Student: 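Shown below is the structure under consideration.
These numbers come from a predicted model, not from an experiment.
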Amino acid sequence: MAVGARALLGSRGGSPASSPQLGGRSRSQPPPAPFGAPGHGFRRVTLTKPTFCHCCTDFIWGLAGYQCEVCNFMSHEKCLKHVKIPCSCIAPSLVRVPVAHCFGPPGHYKKKFCTVCRKQLESLAFRCEVCELHVHTDCVPFACSDCRQCHQDGHQDHDTYHHHWREGNLSSSARCEVCKKTCGSSEVLSGMRCEWCGILAHASCYIIVPPECTFGRLRNMILPPNCVRLVSRNFSKMHCFRISESLQTEPDEDEDVDGLTQGSVISTDSSKQTLKIFDGNDAVKRNQFRLISVPRIAKSEEVVEAALRAYYVNDDQQHYELQTFSQQTLFSDDIINRNDATEETNPGPVFREVVPEAWIIRAKPKDHEIIRIYPGWLKVGMAYISLRIDKESTTETVIKEVLLQLGRQTECLQNFKLLEVLMGSKQVQRMVLDDQEMILSRLKDIRKTSIRQMTQTRFYIVENNKSVVRVNLFVGGLPPQLSAEEYTNILKDDLAIKTNLLSLSHVYSMQGAVVLEMSCFSEAERIYMLAKDTMVNDKQLTATVIPEVLHTKLPQNCCPLLVFVNPKSGGLKGRDLLYSFRKLLNPHQVFELTNGGPLPGFHTFSQVPYFRVLVCGGDGTVGWVLGALEEIRHTLVCSEPSVAILPLGTGNDLGRVLRWGAGYSGEDPYSVLISVDEADDVLMDRWTILLDAQEAVESAENGILEPEPPKIVQMNNYCGLGIDAELTLGFHHAREEEPGKFNSRFHNKGVYVKVGLQRISHTRNLHRDIKLKVDQHEVELPSIEGLIFINIPSWGSGADLWGSDHDNRFEKPRIDDGLLEVVGVTGVVHMGQVQGGLRSGIRIAQGSYFRVTLLKPIPVQVDGEPWIQPPGQIIISVAGPKVHMLKKSKQKPKKPGSLKETRTDSVSVTEVGR
């Protein structure tokens, strides 16, 4: 029979909701505090040193403190009635939409606190790449699956987003949006922050903030989650957000590791004993245990309660018992995994010796119990329905009873199914139960496997709709300039694709890439994994999971920002920027350039009517992105997106010209986004360089000497011939020999200086080795060692090569005037004087069409990419339409002092009162 239905609780998007009506569980030791907060079991503690209250962040001293025995929440007695943060033991039950976290590599995070146990992170710990969750290594299994919901996946999709609150790890200067008082602390886990709009509030204030989130100051730059669709059943969060797996060094949950973890402390008190506790067969198999310290004369109830606390289980200890290994009849073939599959290993007892210090928590058998059925995907306006089940209850009878409670008893039972959902911190697993499954037996099996997993398991009733499976996979690294049929044949031969399960939705022939649209999850996963280990024509294939942007649902004034980051640039600052931008924006709009280049990002945004681009990298990275944009702009609805730069390279000349600075030095990424939003749109010329060598080269196929085919490259900044290119080539060779050393701007410039000093006495007569025509007119060259064509007024890390002196022979240079300036340098000393601001270059010409004749092999560099060019012709001309760039506004962005002016919409006291 039904016990009753609960009203809707929690907030959308996976954030836990507070419920002041939920009290702490009973204790057999010191009684709980008189004012119960959600799930906490408070007891008075004697403090020998000052500590901080998690509620008001003030000092606690002496006997004035209360501590939760499960999650270590500390509070003054006067603050107990204001505690609204739920205990870690009940947090999973308060999640509205379970969304797994995306844990990055383990690292050291100073002055950060674990969300589970609330202790400071003093050793290696994990953080989520998508949200602000930080956890100890041994707390990961107990982390709540309450990450941000960044896309629609067919489960509880909605168009209205509520605040996604995350507790703690705020700066000490953070101020509450409601009461305007300080709500952050660097000494304790306190304060709340919405991970979409950035609004800050006290734990006692956030519950009265209007629930709907408008995404704050960055609302026009964020790709709204309800406008992104990605069905990713078989793909991990790392795959969905295109996060490099090479960085993942943490042990997987499935690996056998010693259970003595960071949170396990062995007591040195002679009056206590330390016990090894397993929470089920799965923990026994993996040898994953937790340690508890209890008095040597403790009652069995006290030991059970301590064991439950160690596993963050919020349940009555009377329903559980502890069994020693000597009481077990466990064999290896009795151990079941999460999906009830028997392990096929050699038979034999798991425990060959009796170890009295080791125990297993077991749930006592029940003839009946109450379970919660969540009808969230039916959108019926309630969180769950409580049902009483017994030994006769099956999936079919449960569905029938739930439909009766929902007033839908006239509908056919075959139109619904019961879904079992395991809300793991790293992955949310779903499994459909058979109609004749005995529910009570199923619960017994889950608890036998893991008591902890039972607290993370839910049952949902869902409609039996036949959803259309559509997974988009971007595959790059294929031979260019082939037809769709030829690409299909290559994929058949190398990846054994099944053409009845997929189709080529897009073909990028010039780039050697295709987009596969698949109707089978397992086939998509197989191709994704196989492509990463496959080479075609000695070139490694790349595979990227691509989300679908629902462009018709984008708000009218939405202009999302497409972010490209080169993680190898800027002394590895790119890694930190990737993390920051994934948090501030939707992770689906942030692309790592080492994972398939810029093409997957442009394809994802191909149907977006208006968008902007932010390129985080050096000038070479900017040229790479602009080149890719030029090649596929005809496939984009927004064919001319404006491009901003966050300079991470060594010279960063284009970034200097557009006012983005000489190089990124750790500025607040949020301020960077504000500057991009306020930047001015300007035009910039791009140039095409045709390299037509006349020297014959030996053919690789038949060994016959043939002319080298012409090559076309694009130029944004400058093109150098002679000594300038020779120095760049020397730097390039040094970087190829020891790439690991070139991870700082200072070191890179030092190598440039060293290469220059080696060639300071080297003389060349470049004017005798080349001929120059400008706009069909022959130009006589002076005695020089280097010839440089400049498109922007910055060269060699900010030097003004053209100079500022007025000259009636030439027009004042601009980046959009359709003209290039031609400048000569006499040697290394002259170049040093230019970079020191003592001299300028030798002005030679200004024009729009150039022909350079090389009489002998000469070093050439275009935007920092050097090579030796054989004798022949070099033709430089304007390349198509001008590109739209973003120039940083001279007006300084507002300092983020008030949330009303920056990250959030203002929330007035009047609105809060409503």
Student: Apply side chain to side chain contact (heavy atoms under 4.5 Å, CB included) to Glu212 and list each qualifying residue two or more places apart in sequence or on a separate chain.
Tutor: Thr160

Student: Would you call Arg219 and Thr214 a side-chain contact if the rule is heavy atoms closer than 4.5 Å?
Tutor: yes

Student: Angle class for the Phe215/Tyr161 ring planes (parallel below 30°, perpendicular above 60°, tilted otherwise)?
Tutor: tilted

Student: Can you list everything that forms a side chain to side chain donor-acceptor pair (under 3.5 Å) with Arg526? Sequence neighbours excluded, please.
Tutor: Glu523

Student: Ignoring hydrogens and geometry, is there a side-chain-to-backbone donor-acceptor pair from Glu548 to Ile546 under 3.5 Å?
Tutor: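 Checking the backbone N and O of Ile546 against the side chain of Glu548, no donor-acceptor pair under 3.5 Å is found.
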
Student: State whether Tyr579 and Arg127 meet the cation-pi test: NZ (Lys) or CZ (Arg) under 6.0 Å from the six-membered ring centroid, and within 45° of the perpendicular axis.
Tutor: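 Judged by the rule, Arg127 and Tyr579 form a cation-pi pair.
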
Student: Going by the rule side chain to side chain contact (heavy atoms under 4.5 Å, CB included), which residues pair with Ala644 if we only count those two or more places apart in sequence or in a different chain?
Tutor: Leu614, Trp660, Val676, Leu886

Student: On the ring face of Trp165, is Arg193 found with NZ or CZ under 6.0 Å from the centre and within 45° of the axis?
Tutor: no

Student: So does Arg814 pair up with Asp685, basic N to acidic O under 4.0 Å?
Tutor: no

Student: Could I get the full list of side chain to side chain donor-acceptor pair (under 3.5 Å) partners for Thr621, not counting sequence neighbours?
Tutor: Asn566

Student: Apply salt bridge (charged side-chain N to carboxylate O under 4.0 Å, His left out) to Glu630 and list each qualifying residue two or more places apart in sequence or on a separate chain.
Tutor: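 For Glu630, the residues satisfying salt bridge (charged side-chain N to carboxylate O under 4.0 Å, His left out) (neighbours in sequence not counted) are Arg633.
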
Student: Strictly under 6.0 Å, is that where the ring centroids of His588 and Phe241 end up?
Tutor: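 Here the rings of Phe241 and His588 have centres that are less than 6.0 Å from each other.
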
Student: For Thr542 and Gln540, test the side chains for any donor-to-acceptor distance below 3.5 angstrom and give the result as yes or no.
Tutor: no

Student: Phe611: which residues meet the ring pair (Phe, Tyr, Trp, His ring centres under 6.0 Å) condition with it, sequence neighbours left out?
Tutor: Phe605

Student: Under a 4.0 Å threshold between the charged nitrogen and the carboxylate oxygen, would Glu129 count as salt-bridged to Arg582?
Tutor: yes

Student: So, do Leu593 and Lys568 sit near enough that their side-chain heavy atoms are less than 4.5 Å apart?
Tutor: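 Sidechains of Lys568 and Leu593: no contact.
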
Student: Which residues pass the side chain to side chain contact (heavy atoms under 4.5 Å, CB included) test with Asn557, sequence neighbours left out?
Tutor: Asn220, Pro555

Student: Applying side-chain hydrogen bond (donor to acceptor under 3.5 Å, both in side chains), which residue pairs with at least one partner in residues 635-644 are found, sequence neighbours left out?
Tutor: Glu640-His884, Ser642-Asp681

Student: For Phe564, give me all partners under ring pair (Phe, Tyr, Trp, His ring centres under 6.0 Å), at least two apart in sequence or on another chain.
Tutor: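 By the ring pair (Phe, Tyr, Trp, His ring centres under 6.0 Å) rule, Phe564 matches Phe602.
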
Student: Write out all pairs satisfying side-chain hydrogen bond (donor to acceptor under 3.5 Å, both in side chains) with one or both partners inside residues 476-490, taking only residues at least two apart or from two chains.
Tutor: Ser483-Glu486

Student: Charged N to carboxylate O under 4.0 angstrom, Asp816 versus Lys882?
Tutor: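 The answer is no: the pair does not qualify as a salt bridge.
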
Student: Leu223 versus Val549: any side-chain heavy-atom pair under 4.5 Å?
Tutor: yes

Student: May I have all residue pairs that pass side-chain hydrogen bond (donor to acceptor under 3.5 Å, both in side chains) and include part of residues 593-608, sequence neighbours excluded?
Tutor: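 Every side-chain hydrogen bond (donor to acceptor under 3.5 Å, both in side chains) pair that includes a residue of residues 593-608, provided the two are not neighbours, is Tyr508-His603, Glu592-Thr594.
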
Student: With Glu132, which of Lys583, Arg148, Arg166 fulfils salt bridge (Lys or Arg N to Asp or Glu O under 4.0 Å)?
Tutor: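 When salt bridge (Lys or Arg N to Asp or Glu O under 4.0 Å) is applied between Glu132 and each of Lys583, Arg148, Arg166, only Lys583 qualifies.
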
Student: Hey, are the side chains of Cys147 and His101 touching, using non-hydrogen atoms and a 4.5 Å cut-off?
Tutor: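 Of all side-chain heavy-atom pairs linking His101 with Cys147, at least one is under 4.5 Å.
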
Student: Among residues at least two apart in sequence or on other chains, which ones pass side chain to side chain donor-acceptor pair (under 3.5 Å) with Asp619?
Tutor: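 Applying side chain to side chain donor-acceptor pair (under 3.5 Å) to Asp619 gives Asn717.
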
